[in-house]
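Okay, structure first, notes after.
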Amino acid sequence: MQIIPALVLDAIIGDPKGFFHPVALVGKIISFWEGLLYSERDGKGRGVFFCALVLLTTAAVVSLLLFAAWLLGKWVLAAAEIYLLYSAIAFRSLKDESTPVAEFLVNGNMRAARLHLSYIVGRDTADLTEKEIVRATVETIAEGYIDGIASTLFYMLLGAFIGQAALFAWIYKAINTMDSMVGYDNERYHDFGWAAAKLDDAANFIPARIGAAIAIAAGFFSGFDAHEGLRVFLRDRLLHKSPNSAHAESVFAGLLGIALGGGATYDGEFEPRPWLGDPRREPEVFDILRAQKIMTVSTAIWSLAILAAELALI
């Protein structure tokens with residue numbers, strides 16, 4: 001029954017600040033093994049070995065932390081499990097990171113909106129218009145909903161069936177963090193990061209589809225056009241080169257009645273991407289808050305499903 005308290009804790013206080021955060025440790029594990037294994041020779045083979053070592057190390061560290069907590073007593077173990085689960089969830093952080101962008105836009109402070117957006121996206125933001133800022137923020141919420149909420153909760157629930165919710169959550173987070181650190185199709189990581197990118201695609205394959213379905217339901221309960229969300233999802237969900245990325249974005253685009261995607265500039269070079277959704281109207285600042293509402297109701301639906309599953313396990 002630790003997942004629900006972890007969700008509540010995340011919703012109330014968000015990411016732990018000033019305390020030990022497991023994702024920082026996972027990042028150090030990834031950097032350590034990359035430093036030892038990276039080479040331009042046999043890049044794909046080394047990348048596969050790298051992924052295996054990162055996952056094994058992460059699993060070992062989490063298991064040791066939980067074992068040490070178990071030695072100190074059942075209440076310490078429960079607290080450790082809740083902390084590990086809570087720190088893996090990104091619901092509150094997605095809201096906290098995207099809200100200032102909307103606030104700056106409402107106040108007409110384009111410079112601050114662009115600057116804050118640059119902290120949460122990889123694209124160049126210096127020359128973005130208000131509509132482009134809104135579109136980028138909504139896309140970030142939709143993408144983060146899958147990685148930081150839907151997939152994370154999916155693996156927590158999967159692990160809960162064998163009493164290993166925290167372990168499963170952090171194995172997934174290690175996969176996702178590897179992809180964000182080395183899963184790039186560039187000169188350095190084209191071969192070495194190939195396995196990490198493919199592993200992330202595989203890990204998100206089922207959760208992205210379940211998460212999209214839940215987002216459509218959330219749109220219905222929130223007063224959005226769920227029929228349009230479903231229509232756009234069925235039409236556009238496979239347009240992105242990634243097998244998962246367009247699933248949530250297409251749902252959000254359809255529910256909001258705006259077009260997302262279309263490409264962005266990264267390090268001065270424009271990267272074209274397909275448009276998702278139909279431009280029934282232009283993006284506006286309140287679409288950021290509407291996207292947050294879809295994410296919030298989606299998380300509530302996930303919570304109810306998890307609560308029902310956990311009660312069934314008792």
Side-chain angles (χ1 to χ4, degrees), residues 1-10 13 15-37 46-91 93 147-183 193 195-207 302 306-307 309-310 312-314:
M1 294 292 290
Q2 286 91 352
I3 301 177
I4 296 302
L7 274 162
V8 172
L9 196 60
D10 176 74
I13 64 176
D15 264 356
K17 295 178 176 63
F19 296 95
F20 165 73
H21 200 311
V23 77
L25 179 57
V26 170
K28 291 183 182 299
I29 291 170
I30 292 169
S31 296
F32 172 78
W33 286 119
E34 180 187 354
L36 284 181
L37 294 173
R46 285 173 173 266
V48 171
F49 192 42
F50 159 78
C51 288
L53 288 174
V54 168
L55 296 184
L56 286 171
T57 306
T58 301
V61 170
V62 172
S63 297
L64 285 172
L65 288 172
L66 292 174
F67 179 70
W70 176 78
L71 291 176
L72 295 173
K74 65 178 183 179
W75 296 110
V76 177
L77 176 60
E81 288 178 331
I82 290 172
Y83 185 83
L84 286 170
L85 293 170
Y86 140 72
S87 58
I89 302 167
F91 166 70
S93 64
D147 292 346
I149 301 173
S151 293
T152 303
L153 294 177
F154 174 83
Y155 285 104
M156 284 182 186
L157 183 58
L158 197 63
F161 285 99
I162 59 170
Q164 297 294 337
L167 178 61
F168 274 50
W170 279 100
I171 288 175
Y172 167 72
K173 295 297 285 188
I175 292 171
N176 190 239
T177 307
M178 276 194 294
D179 181 58
S180 68
M181 291 179 67
V182 307
K198 294 301 181 183
L199 186 59
D200 187 70
D201 287 343
N204 284 304
F205 190 86
I206 294 175
W302 275 100
I306 288 169
L307 179 60
E310 289 191 327
L313 290 174
I314 296 177

Next item on the list: With side chain to side chain contact (heavy atoms under 4.5 Å, CB included) as the test, would you mind laying out the steps for Trp302 and Leu157 before giving the verdict?
Entry: CA-CA 10 Å; Trp302 275 100; Leu157 183 58; 5.6 Å; no
With a 4.5 Å limit on heavy-atom distance, are the side chains of [X] and [Y] in contact?
X	Y	answer
Leu7	Asp10	no
Phe49	Trp33	no
Leu53	Leu37	yes
Phe32	Thr57	no
Met156	Ile89	yes
Leu199	Met178	yes
Ile175	Leu55	yes
Leu84	Leu66	yes

Hey, could you give me the [atom1]/[atom2] distance between [X] and [Y], rounded to the nearest 0.5 Å?
X	Y	atom1	atom2	value
Ile82	Ile4	CD1	CD1	11.0 Å
Phe67	Leu71	CZ	CG	4.0 Å
Leu153	Tyr172	CG	OH	10.5 Å
Leu65	Leu25	CG	CG	7.5 Å
Leu167	Glu81	CG	CD	10.5 Å

If you compare all heavy atoms of [X] against all heavy atoms of [Y], which two are closest, and at what distance to 0.1 Å?
X	Y	value
Ala69	Ala80	CB-CB, 3.7 Å
Ala88	Thr152	O-CG2, 3.6 Å
Trp170	Val23	CH2-N, 3.4 Å
Ala174	Ile30	O-CD1, 4.1 Å
Tyr86	Pro16	OH-N, 3.2 Å
Ile149	Ala90	CG1-C, 4.4 Å

Notebook entry, point to check: Is the count of non-hydrogen atoms from other residues, nucleotides or ligands lying under 6.0 Å from Ile206 atom CD1 greater than 12?
Noted result: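 No - once you tally the heavy atoms of other residues, nucleotides and ligands closer than 6.0 Å, there are 12 at most.
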Margin query: Please enumerate all residues that pass side chain to side chain donor-acceptor pair (under 3.5 Å) together with Asp200, with sequence neighbours excluded.
Written below: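 Asp200: side chain to side chain donor-acceptor pair (under 3.5 Å) contacts with Asn176, Asn204.
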Check: [X] side chain, [Y] main-chain N or O, donor-acceptor pair, under 3.5 Å:
X	Y	result
Tyr155	Ala203	yes
Ser31	Gly27	yes
Ser87	Asp15	no

Checklist line | CA sep, side-chain torsions, deciding dist, call: Lys173, Val26, side chain to side chain contact (heavy atoms under 4.5 Å, CB included) | finding: CA-CA 8 Å; Lys173 295 297 285 188; Val26 170; 5.7 Å; no
